Amino acid sequence: MSTTRLRFAPAPTGSLHLGSARTALFNWLTARGTEGELILRIEDTNAELTRPELIDNIYRSLEWLQIEFDGEPVRQSERTDLYNDAVESWLSDDLAYVDDGAVRFRVPSDGTTSWDDVVRGNVVFENQNIEDFVVRRADGSATFFTANAVDDFDLGITHVVRGEDLVNVTPKVIMLRQALGAQDLPKFAHLPLIVNEQRKKLSKRRDDVALESYRDRGVLADAMINYLALLGWGPPDDVEVRPIEEIVQLFRLEDVNPSAAMFDVKKLEAINGDYIRAMKPEEFTEALIPWIANEPWNSLVDRDQLAQVAPLVQERTRVLVEGPPQLDFFFLESPEIEESAWEKAMTTPEAPLILESTKTAFASVDWSVASLHESLRAIGDSHGMKLGKAQAPVRVAVTGRLVGPPLFESIHALGREVVLERILRAQNKLDET
RNA sequence: GCCCCCAUCGUCUAGCGGCCUAGGACACCGGCCUUUCACGCCGGCAGCACGGGUUCGAAUCCCGUUGGGGGUGCCA
């Protein structure tokens with residue numbers, strides 16, 4: 001028998017919002033940390049929101065985040081009788097009245113309604129500031145207030161953890177719950193809003209709020225969860241990047257910071273980079289495949305070769321989308337040479353000499369990373385250049401860019417034939433100009 | 001307008017009356033390492049919004065001001 005029972009109650013309005021994901025997470029953390037239960041409740045009292053595909057998206061996103069629920073989801077659209085009964089009883093007790101076909105709840109004109117919020121402390125509303133609100137629409141459907149109050153009571157919810165934007169509906173829900181005959185109140189915890197750089201609530205219109213869009217760019221679920229946990233909460237020991245199991249142990253609703261938190265993509269990506277670097281090379285290679293599938297050179301990719309070269313860019317990748325562009329030259333027949341790179345590396349007096357020496361040396365050098373390395377180092381030496389300088393023309397000739405994965409490992413993977421051909425190609429291009 | 005909430009480095013946070021000349025992380029700036037970039041390491045910049053209290057003592061408690069935000073639908 002569990003002592004705590006929580007619910008995550010999204011309205012199916014399309015893709016899961018970052019704020020909703022954070023709310024789901026904090027509910028989940030609380031449930032896990034207290035060995036309680038967490039149920040998923042779909043708030044689709046509005047007929048327009050009952051479309052199955054909207055709900056599927058929520059399931060998929062929550063599944064991706066590995067936020068699990070106990071029991072089957074509760075669909076409010078399937079509990080209309082319950083809401084009707086409640087409204088009827090309020091009507092017969094004269095707690096509510098009909099107005100233009102809708103039913104409104106009678107709010108007392110004096111007194112106060114308050115609760116002790118877990119994250120904000122005591123919150124008090126003067127009843128006189130609350131209007132009689134609609135509990136049943138003219139079309140007969142229950143409103144959010146009714147469904148919310150009835151379900152939280154009926155489902156035995158002990159902790160209501162939701163966004164701060166719902167603070168002002170809380171007194172209404174409390175009144176309804178009392179009208180239902182409830183003697184107690186659940187613990188309310190209103191989480192700080194997640195805001196953008198303008199300090200405004202993340203909005204669908206202006207901000208990139210869909211969880212999927214981060215997933216699609218190659219943010220890992222574990223990293224996303226870890227980052228989201230840091231929005232409004234911090235571990236007591238200052239260790240921010242850590243396994244979710246540890247966060248479950250450390251997390252306490254009482255420690256949640258009440259002030260709004262800005263969603264910082266840079267930090268998200270930094271944490272994601274940590275997670276990517278922590279992957280096994282094979283895992284990283286595997287994770288990259290869906291992103292490579294989007295590249296025009298996808299059909300040229302050889303899996304074995306990919307397994308060999310992907311790890312070379314692992315620590316250079318913060319989000320998975322950044323992976324493929326760093327690897328294209330391994331697979332493209334004749335990768336394009338970036339103009340700015342060419343300008344920088346090939347217009348020096350030494351460049352042609354280095355290319356020629358390298359071509360000659362590489363034609364017979366032992367094809368190992370160490371020998372390749374030593375060989376080019378020696379060539380650089382003979383021109384009085386450090387390797388850092390000397391490698392530039394070769395890198396541009398072979399990869400088309402000035403920056404990229406470690407050169408000798410790359411050259412090694414490409415093979416002698418390809419490398420010599422690319423050097424020759426660069427020499428030809430040099431001759432043309 | 002009315003109601004409600006919030007206020008520590010640029011950002012996310014630690015701090016719950018003395019351990020704070022305020023700690024960590026991201027970002028930024030130096031340096032080291034180095035075959036580029038990155039990673040890693042070392043160092044730096046930078047904050048308790050303001051004013052009153054309370055107290056021997058306040059970032060921490062109270063009040064006010066200012067500034068931000070949220071809500072104000074027969075949406076949720």
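On a predicted model such as this, the values are computed, not experimentally measured, just so you know. When reading the values below, keep in mind they use all heavy atoms of this one structure, side chains included, and skip hydrogens, waters and symmetry mates.
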Which of [range] sit near RNA chain B, with a heavy atom under 4.0 Å from it?
range	result
residues 79-101 of chain A	Asp99(A), Asp100(A)
residues 189-205 of chain A	Leu193(A), Arg199(A), Lys200(A), Lys201(A)
residues 163-171 of chain A	Glu164(A), Asp165(A), Leu166(A), Val167(A), Asn168(A), Val169(A)
residues 254-284 of chain A	Asp255(A), Asn257(A), Pro258(A), Ser259(A), Ala260(A), Ala261(A), Met262(A), Asp264(A), Lys266(A), Lys267(A), Ala270(A), Arg277(A)

Subject >> Summary of side-chain hydrogen bond (donor to acceptor under 3.5 Å, both in side chains) pairs that have at least one residue in residues 309-325 of chain A, sequence neighbours excluded >> reply: Thr317(A)-Gln326(A)

Using a 3.5 Å cut-off and no angle test, enumerate the donor-acceptor pairs between side-chain atoms of residues 13-25 of chain A and protein atoms at least two apart in sequence or in another chain.
residue: Arg22(A); atom: NH1; partner: Leu231(A); partner atom: O; Å: 2.7
residue: Arg22(A); atom: NH2; partner: Pro192(A); partner atom: O; Å: 2.3
residue: Thr23(A); atom: OG1; partner: Gly19(A); partner atom: O; Å: 3.0

Result block: side-chain N/O donor-acceptor pairs under 3.5 angstrom for residues 380-389 of chain A, not counting sequence neighbours:
residue: Asp381(A); atom: OD2; partner: Arg377(A); partner atom: NH1; Å: 2.7
residue: Ser382(A); atom: OG; partner: Ile379(A); partner atom: O; Å: 2.6
residue: His383(A); atom: ND1; partner: Ile379(A); partner atom: O; Å: 3.0

Filtered N/O pairs between nucleotides 35-37 of chain B and protein, under 3.5 Å:
residue: rU35(B); atom: O2'; partner: Gln391(A); partner atom: OE1; Å: 3.2
residue: rU35(B); atom: O2; partner: Arg395(A); partner atom: NH2; Å: 3.4
residue: rU35(B); atom: O2; partner: Leu407(A); partner atom: N; Å: 3.3
residue: rU35(B); atom: O4; partner: Glu409(A); partner atom: OE1; Å: 3.3
residue: rU36(B); atom: O4'; partner: Gln391(A); partner atom: NE2; Å: 3.0
residue: rU36(B); atom: O2'; partner: Leu402(A); partner atom: O; Å: 3.3
residue: rU36(B); atom: N1; partner: Arg395(A); partner atom: NH2; Å: 3.3
residue: rU36(B); atom: O2; partner: Gly404(A); partner atom: N; Å: 2.8
residue: rU36(B); atom: O2; partner: Gly404(A); partner atom: O; Å: 3.2
residue: rU36(B); atom: N3; partner: Arg395(A); partner atom: NH2; Å: 3.2
residue: rU36(B); atom: N3; partner: Gly404(A); partner atom: O; Å: 2.5
residue: rU36(B); atom: O4; partner: Arg316(A); partner atom: NH2; Å: 3.2
residue: rU36(B); atom: O4; partner: Pro406(A); partner atom: N; Å: 3.2
residue: rC37(B); atom: O2; partner: Arg316(A); partner atom: NE; Å: 2.6
residue: rC37(B); atom: N3; partner: Arg316(A); partner atom: NE; Å: 3.2
residue: rC37(B); atom: N3; partner: Arg316(A); partner atom: NH2; Å: 2.7
residue: rC37(B); atom: N4; partner: Arg316(A); partner atom: NH2; Å: 3.3

Are there any protein N/O atoms within less than 3.5 Å of an N/O atom in nucleotides 41-49 of chain B, and if so, which ones and at what distance?
none

Original post:
Who pairs with Phe408(A) by ring pair (Phe, Tyr, Trp, His ring centres under 6.0 Å), at least two apart in sequence or on another chain?
Top reply: His373(A)

Subject >> ring pair (Phe, Tyr, Trp, His ring centres under 6.0 Å) partners for His159(A), two or more places apart >> reply: none

Show me the side-chain donor-acceptor pairs of residues 338-355 of chain A shorter than 3.5 Å, one per line, residues at least two apart or across chains.
residue: Glu338(A); atom: OE2; partner: Arg401(A); partner atom: NE; Å: 3.3
residue: Thr347(A); atom: OG1; partner: Glu343(A); partner atom: O; Å: 2.4
residue: Thr348(A); atom: OG1; partner: Ala351(A); partner atom: N; Å: 3.2

Subject >> Arg106(A) with Asp94(A): basic N within carboxylate O range, under 4.0 Å >> reply: yes

